[in-house]
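One is the number of the first residue; the rest follow in order along the sequence.
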Amino acid sequence: MTVTATDLSLPESAYPPIDLSALPGPFVVVHSLTTLVDVCLNRDIMGLPKSTTLGGVERMRVSAQSLTRAARSFARNHSQTGVHGINTRLLPGKTAEYLRERSIDGADALPAAALIVTAAGPSIDLAHPDRTLTSIYVSSSAPADLAELLLDHWDELEDARLAMEKAIAAAASATAEPGRKRGRTAGKATSRGQADTVPAEIKSVAQQALAPGLAADIALFGRMLPELPGGNVRSAAMMAHAFTVDAKQLVTDDFVTGDEWGSGGVFSNLGEQYLNSGTLYRYAALDRRQLRANLAAAGADAETVERTAQQTERDWTTAVAYALPEARRTRTGSWAPPTLVVAATTAAPYTAAGAFETPIAPPAGIAAANRLTAFLTRLGLHAGTGRWLPPANEPAPQLPHGITWEDQRP
């Protein structure tokens with residue numbers, strides 16, 4: 001019997017793109033409402049769902065950092081641009097992998113990779129040469145570009161490679177000494193001095209390999225890479241902390257596990273988790289001019305920059321409308337579509353958070369939609385689109401002038 005593989009591809013209609021690229025205005029704003037039941041999208045250091053107080057009432061909160069990560073992951077998975085950024089400490093190790101694939105001996109690959117990454121700017125803990133001291137945000141093409149640069153200058157860099165290999169061996173030996181202090185406060189042997197052994201022209205090319213290029217998510221969300229000249233990129237996207245329009249409803253969920261081969265006894269690993277319910281208001285904005293400036297820094301022609309900017313904007317707008325953090329998703333079913341999305345262009349990217357200073361009594365979804373759209377009529381939106389998925393087929397609220405409804409099919 002022949003078994004036909006199931007098609008696991010994601011149909012386009014699962015997340016209909018939100019396309020405002022033909023509409024005028026220097027900014028794009030996205031306002032949305034999503035009703036969530038018994039979830040824990042974002043926890044604090046104590047393991048409790050994050051919260052904030054507004055209007056004298058405690059609300060569920062989802063941090064801007066958590067939402068940004070969700071949007072980045074969503075946009076990358078659904079992007080049509082191809083090039084994306086990677087937030088990592090493992091650039092030397094990944095570069096060494098490329099070298100080994102090109103038949104470089106494993107004993108030579110890692111010291112060489114550590115050398116070229118150091119030459120580009122980031123420092124390396126010589127006791128752990130497969131990683132940088134801090135996380136860096138680079139184009140996904142960086143390891144391959146650095147590996148090719150090494151191969152082009154392999155013989156020229158022989159002395160520098162051997163010096164790095166000795167420095168790594170010395171650091172490993174020092175780390176293994178009995179009684180040596182360990183931990184985050186211990187002094188670390190770093191690779192900073194090794195950069196001086198690399199010719200200036202090779203350093204310059206290595207630094208270019210860490211440039212963001214046309215990586216859409218770096219152009220969107222920016223980066224801080226102070227060790228690299230010109231390494232900082234100003235974020236074109238703004239993401240606010242999300243909060244519920246209604247009061248926080250905290251639930252303690254106790255659970256146990258049972259021995260399925262036993263006689264019904266309960267294991268001792270009694271546990272608990274803390275969950276929230278409510279209607280979440282989210283806001284994000286995109287500076288179109290900053291996005292194009294970031295992409296243009298790659299040196300691409302104007303047509304390529306504009307095409308990439310428009311596709312990146314579509315990916316971002318759709319991502320911030322639909323993407324939520326995935327914490328506890330498999331045990332809380334938190335993959336929820338928005339009840340309301342309003343995406344528009346504007347000259348002033350105002351938030352509508354002030355509309356919810358006074359909390360809404362549950363059920364809050366419909367009342368929140370009416371309050372939000374009424375508030376938005378006063379914010380000077382140029383043009384845009386709205387998507388409406390009411391809980392019980394309620395009529396859509398009145399949209400601001402210039403905003404039109406379209407069908408939403410999650």
L291 to A236 - nearest heavy-atom pair and separation: N-CB, 3.5 Å

Any donor-acceptor pair under 3.5 Å from R76 side chain to G85 backbone: yes

Interatomic spacing from CG in L220 to CZ in R72 - rounded to 0.5 Å: 10.0 Å

Beyond-backbone contact of L91 with P143, side-chain heavy atoms, under 4.5 angstrom: yes

Shortest non-hydrogen contact from D38 toward S277: N-OG, 2.8 Å

Criterion side-chain contact (heavy atoms from CB on, under 4.5 Å) on L324 and L280, from CA distance to verdict: CA-CA 11 Å; L324 284 170; L280 197 70; 4.2 Å; yes

Verdict with reasoning, E58 to S51, per side chain to side chain donor-acceptor pair (under 3.5 Å): CA-CA 7 Å; E58 191 174 15; S51 63; 2.9 Å; yes

H153, NE2: over 12 other non-hydrogen atoms inside 6.0 angstrom: yes

Taking every non-hydrogen atom, the tightest pair across Y281 and A352: OH-N, 2.9 Å

Heavy-atom donor-acceptor pair, R102 side chain to Y98 backbone, under 3.5 Å: no

Nearest-0.5 Å distance, CG of residue D130 to CG of residue L110: 6.0 Å

Donor-acceptor pair between T134 and R89 side chains, under 3.5 angstrom: no

Side chain R161, main chain W154, donor-acceptor under 3.5 Å: yes

Side-chain touch P397/W388, heavy atoms, less than 4.5 angstrom: yes

Intermediate values then yes/no, side chain to side chain donor-acceptor pair (under 3.5 Å), T35 and T279: CA-CA 4 Å; T35 297; T279 295; 3.0 Å; yes

E272 and T252 side chains, donor-acceptor separation under 3.5 Å: no

Test side-chain contact (heavy atoms from CB on, under 4.5 Å) applied to Q273 and L275, step by step: CA-CA 7 Å; Q273 60 180 347; L275 307 174; 4.0 Å; yes

Euclidean distance, I116 CD1 relative to L210 CG, rounded to 0.5 Å: 9.5 Å

Polar side chain donor-acceptor pair, D301 to T304, under 3.5 angstrom: yes

Non-hydrogen side-chain atoms of D217 and D315 separated by less than 4.5 Å: no

Heavy-atom pair with the smallest gap, counting every atom of T34 and P337: CG2-O, 3.6 Å

Test log, rule side chain to side chain donor-acceptor pair (under 3.5 Å), inputs T385 and E406: CA-CA 7 Å; T385 186; E406 62 175 86; 2.6 Å; yes

Separation between CZ of R59 and OG1 of T53, rounded to the nearest 0.5 Å: 9.0 Å

Any donor-acceptor pair under 3.5 Å from N232 side chain to L225 backbone: yes

E394, CD atom: more than 12 neighbouring heavy atoms under 6.0 Å: yes

Any donor-acceptor N/O pair, S66 side chain to V62 backbone, under 3.5 Å: no

Heavy-atom donor-acceptor pair, D108 side chain to I104 backbone, under 3.5 Å: no

Greater than 12 external heavy atoms within 6.0 Å of Y350's OH: no

Taking every non-hydrogen atom, the tightest pair across V138 and R223: CA-NH1, 3.9 Å

Lys/Arg-Asp/Glu bridge criterion (N-O < 4.0 Å) met for K50, D44: no

Minimal non-hydrogen separation, A285 against V29, with atom names: CB-CG1, 4.0 Å

Validation row: R43, L48 side chains within 4.5 angstrom (heavy atoms): no

Residues, nucleotides or ligands: over 12 heavy atoms within 6.0 Å of K248 NZ: yes

side-chain contact (heavy atoms from CB on, under 4.5 Å) assessment of Q194 paired with I124: CA-CA 10 Å; Q194 300 297 319; I124 294 169; over 6 Å; no

Any donor-acceptor N/O pair, S73 side chain to A70 backbone, under 3.5 Å: no

Non-hydrogen side-chain atoms of T345 and L381 separated by less than 4.5 Å: no

Contact check, side chains of F221 and V233, non-hydrogen atoms, under 4.5 Å: no

Heavy-atom side-chain contact between P16 and R387 under 4.5 Å: yes

Side chain S204, main chain E201, donor-acceptor under 3.5 Å: no

Main-chain N/O of A374 paired with T377 side-chain donor or acceptor, under 3.5 Å: yes

Gap between atom CD1 of I18 and atom OH of Y322 - 0.5 Å precision: 5.5 Å

Plane angle bin for F356 and F243 - parallel if under 30°, tilted between 30 and 60°, otherwise perpendicular: perpendicular

side-chain contact (heavy atoms from CB on, under 4.5 Å) between T52 and H241, worked out: CA-CA 10 Å; T52 190; H241 293 253; over 6 Å; no

N42 (side chain) donor-acceptor with S63 (main chain) under 3.5 angstrom: yes

Spacing of CD belonging to E313 relative to CG belonging to L286, to within rounding of 0.5 Å: 6.0 Å

S32 side chain near L340 side chain, heavy-atom distance below 4.5 Å: no

